[in-house]
Amino acid sequence: PDTMCTQCGEVYCSVKWMGNPGCFAKQHRKGNRRTHTKEPYTYMEELEAARKKEERRKRRAEAEVERQKQAEIEAAKAAQEAFEKAQGDREARILLAAQDIIKRKQEEKKERAKARFLPRLLGMRVRQAVEHAAEEVEHEAELIAKQAEEKVRKSIAGLEGDGKPSKGSGSPGKARKSLLAGLGGGGGGG
């Protein structure tokens, strides 16, 4: 159909062949219809245009969906790359932190070993120093004791030589024995 009656609203084709003047002319020969006018019928063209327009709209929508999918894929790739980079950076940071921890632990281990060994070493040195000091003190005490004993002997010998008894004691022998007994030395008996 390509022709439409303006008053009737009916649609006709304009195909003519031998003996047929066209459908519109054939239907509008008699009566009041003779005054009807025709106009081009564009519904089919409009329908075709609308169909083409709808196809273009669908193609655009599909292209937009495809573009969005591609954008999402690109965003996902970028996010994945960023994650992998961050993961690599994170792994590098973890590795550095682990190396620092290992280094610190080794230093602490060395310090603990020093802390365990140093007192032993110092203890041995201190013990040796104390023993040496004790030996020196004993030696000096022995020397002082010998010197004191020597003085006492000399004083006792001096008393015996004078023949004078010391004050407060009955006899020089008793004084000598009491002095020697007090020093731990041996006198005549006991």
Side-chain angles (χ1 to χ4, degrees), residues 1-140:
D2 58 5
T3 307
M4 181 174 89
C5 176
T6 309
Q7 287 77 19
C8 300
E10 294 176 352
V11 195
Y12 303 97
C13 66
S14 59
V15 178
K16 298 176 183 175
W17 64 89
M18 190 159 78
N20 184 8
C23 294
F24 179 80
K26 190 176 179 183
Q27 293 292 327
H28 288 81
R29 266 190 225 171
K30 301 180 190 171
N32 197 19
R33 287 189 168 193
R34 292 178 92 178
T35 59
H36 289 188
T37 57
K38 63 180 181 178
E39 63 181 32
Y41 177 69
T42 58
Y43 176 74
M44 295 305 276
E45 293 168 1
E46 289 171 4
L47 192 61
E48 184 66 23
R51 187 186 60 78
K52 287 181 181 178
K53 187 177 179 181
E54 182 65 21
E55 285 179 5
R56 284 195 302 270
R57 188 194 64 77
K58 283 183 181 178
R59 280 195 301 265
R60 280 196 305 268
E62 288 172 358
E64 180 65 23
V65 167
E66 187 65 29
R67 188 191 62 76
Q68 287 176 352
K69 284 182 182 177
Q70 288 297 330
E72 288 173 3
I73 290 170
E74 291 298 321
K77 282 182 183 177
Q80 182 68 25
E81 289 172 2
F83 174 75
E84 288 173 359
K85 184 177 185 280
Q87 189 70 14
D89 292 345
R90 180 175 177 259
E91 288 173 0
R93 286 194 309 272
I94 290 171
L95 183 61
L96 286 174
Q99 289 172 349
D100 285 345
I101 290 170
I102 289 170
K103 190 175 179 182
R104 247 186 293 128
K105 292 288 184 182
Q106 288 173 344
E107 289 173 1
E108 288 173 5
K109 189 176 180 181
K110 286 179 185 176
E111 291 298 320
R112 282 195 307 270
K114 281 182 188 176
R116 281 193 307 255
F117 179 70
L118 194 58
R120 278 190 257 158
L121 181 63
L122 289 176
M124 292 188 329
R125 288 185 182 164
V126 168
R127 204 174 310 125
Q128 289 171 352
V130 168
E131 288 173 2
H132 181 68
E135 287 174 5
E136 286 182 10
V137 167
E138 284 179 25
H139 182 66
E140 286 181 27

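Heads up: numbering here begins at 1 and tracks the sequence. Everything numeric here is computed off the predicted structure, so don't read it as measured data.
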Under a 4.5 Å cut-off applied to non-hydrogen side-chain atoms, are Pro40 and Glu45 in contact? no
Taking the side chain as every heavy atom from C-beta outward, state whether Arg51 and Glu54 have any pair of such atoms under 4.5 Å apart. no
How about Arg60 and Glu64: do any of their side-chain heavy atoms sit closer than 4.5 Å? no
With a 3.5 Å cut-off and no angle check, do the side chains of Glu135 and His139 form a donor-acceptor pair? no
Mind checking the CG-CD1 spacing from Leu96 to Ile101? Nearest 0.5 Å is all I need. 11.0 Å
Should Arg34 and His28 count as side-chain neighbours, where that means a heavy-atom distance under 4.5 Å? no
Measuring from Glu10:CD to His36:NE2, what's the distance to the nearest 0.5 Å? 9.0 Å
Could you tell me which non-hydrogen atom of Thr6 sits nearest to which non-hydrogen atom of Glu39, and how far apart they are? OG1-OE1, 3.6 Å
Side chains of Glu74 and Gln70: do they bring a donor and an acceptor to under 3.5 Å? no
Could you go through the side chain to side chain donor-acceptor pair (under 3.5 Å) check for Glu84 and Gln80 one step at a time? CA-CA 6 Å; Glu84 288 173 359; Gln80 182 68 25; 3.0 Å; yes
Please report the C-alpha distance between Arg56 and Lys52 in whole Å, then the side-chain angles of each, then the deciding distance to 0.1 Å, and finally whether the side chain to side chain contact (heavy atoms under 4.5 Å, CB included) criterion is met. CA-CA 6 Å; Arg56 284 195 302 270; Lys52 287 181 181 178; 3.9 Å; yes
Carboxylate-amine/guanidinium contact Arg104 Glu107, below 4.0 Å: no
Any side-chain heavy-atom pair of Lys103 and Gln99 under 4.5 Å: no
Within the side chain of Gln7, is there an N or O that forms a donor-acceptor pair under 3.5 Å with the backbone of Thr37? yes
Is Lys58 paired with Glu55 through a side-chain N to carboxylate O contact shorter than 4.0 Å? no
For Cys8 and Cys5, work out which heavy atoms get closest and say how close. N-SG, 3.2 Å
Please examine the side chains of His132 and Glu136, heavy atoms only from C-beta on, and report whether any two atoms are closer than 4.5 Å. yes
